[in-house]
Structures are given as structure tokens and as C-alpha cells.
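Below: the structure, in C-alpha cells.
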Amino acid sequence: MSLAGGSLASRRTGKRAPVVAADGFKFLTPADIGGRIVGMGRIVAEGRTSLTIATQAWKRDRHGEAMAKVAEGRFVFVASATIVR
């Protein structure tokens, strides 16, 4: 999930943006061995140098199309300089 959020943070800032905090995690259901995991994120707060990104992880059945959310949480990323808007 930090990779999904980090990818979004880097695209938004155009810079490296390491994780400085993570909270609000809920693990809702186990992921199956051999299944696919998809990570998604959306920006929920933006400061001068930081982004808070809500992330979700979804599992997809290996042999079908069924999907279920397996986890959610929030990450705070900090860019190396002021975020250009």
C-alpha cells in the first residue's frame, strides 16, 4: 500500500517523497496465496511539503473476476522541497 501511495506522491510532487507516517490501518480479510493484490490511493490532504494519501488494497480471485477489499490506511509523504501546484 505504501508503494501505491508513494507512486501517487511522486507523480504529484515530481520528486522523491518518502513515507514519514502511517496510521488508521484496518486489515479486513486475508489475501489468498496466488491471488492478485491491487493497491490504490487518493490524495486527501496537501500541505506545503506533505501529502496525506488514503490507500486501499484489493484482492482479485486468481481464477475469476471477484474482488474484495483486504486493507485500508493512510500514509503521509514528504517531498524534498515545496510541492509545485
*Side-chain donor/acceptor of Ser10 to backbone N/O of Gly6, under 3.5 Å*: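 Pair found, side chain donor or acceptor close to backbone of Gly6.
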*Residue Arg74 excluded, over 12 heavy atoms near CZ under 6.0 Å*: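 Not buried by this count: 12 neighbours or fewer within 6.0 Å.
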[X] to [Y] - nearest heavy-atom pair and separation:
| X | Y | result |
| --- | --- | --- |
| Ser2 | Val19 | CB-CG2, 4.2 Å |
| Ala17 | Phe77 | O-CD2, 3.1 Å |
| Ala54 | Val44 | CB-CG1, 3.8 Å |
| Ala4 | Gly39 | CB-C, 3.7 Å |
| Phe25 | Met1 | CE2-CE, 3.3 Å |
| Lys69 | Trp58 | N-CE3, 3.3 Å |

_Please report the interatomic distance NZ(Lys59) to OG1(Thr29), rounded to the nearest 0.5 Å._
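Here the interatomic distance stands at 4.0 Å.
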_To the nearest 0.5 Å, what is the distance between CG on Leu3 and CG on Leu8?_
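The CG atom of Leu3 sits 12.5 Å away from the CG atom of Leu8.
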_Given Leu51, Ile53, Thr52, the one that forms side-chain contact (heavy atoms from CB on, under 4.5 Å) with Val76_ =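 Testing each of Leu51, Ile53, Thr52 against Val76, the sole residue satisfying side-chain contact (heavy atoms from CB on, under 4.5 Å) is Thr52.
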*asked:* Pair Ile43, Arg12 - check side-chain contact (heavy atoms from CB on, under 4.5 Å), show working.
replied: CA-CA 9 Å; Ile43 298 170; Arg12 176 66 181 100; 3.9 Å; yes
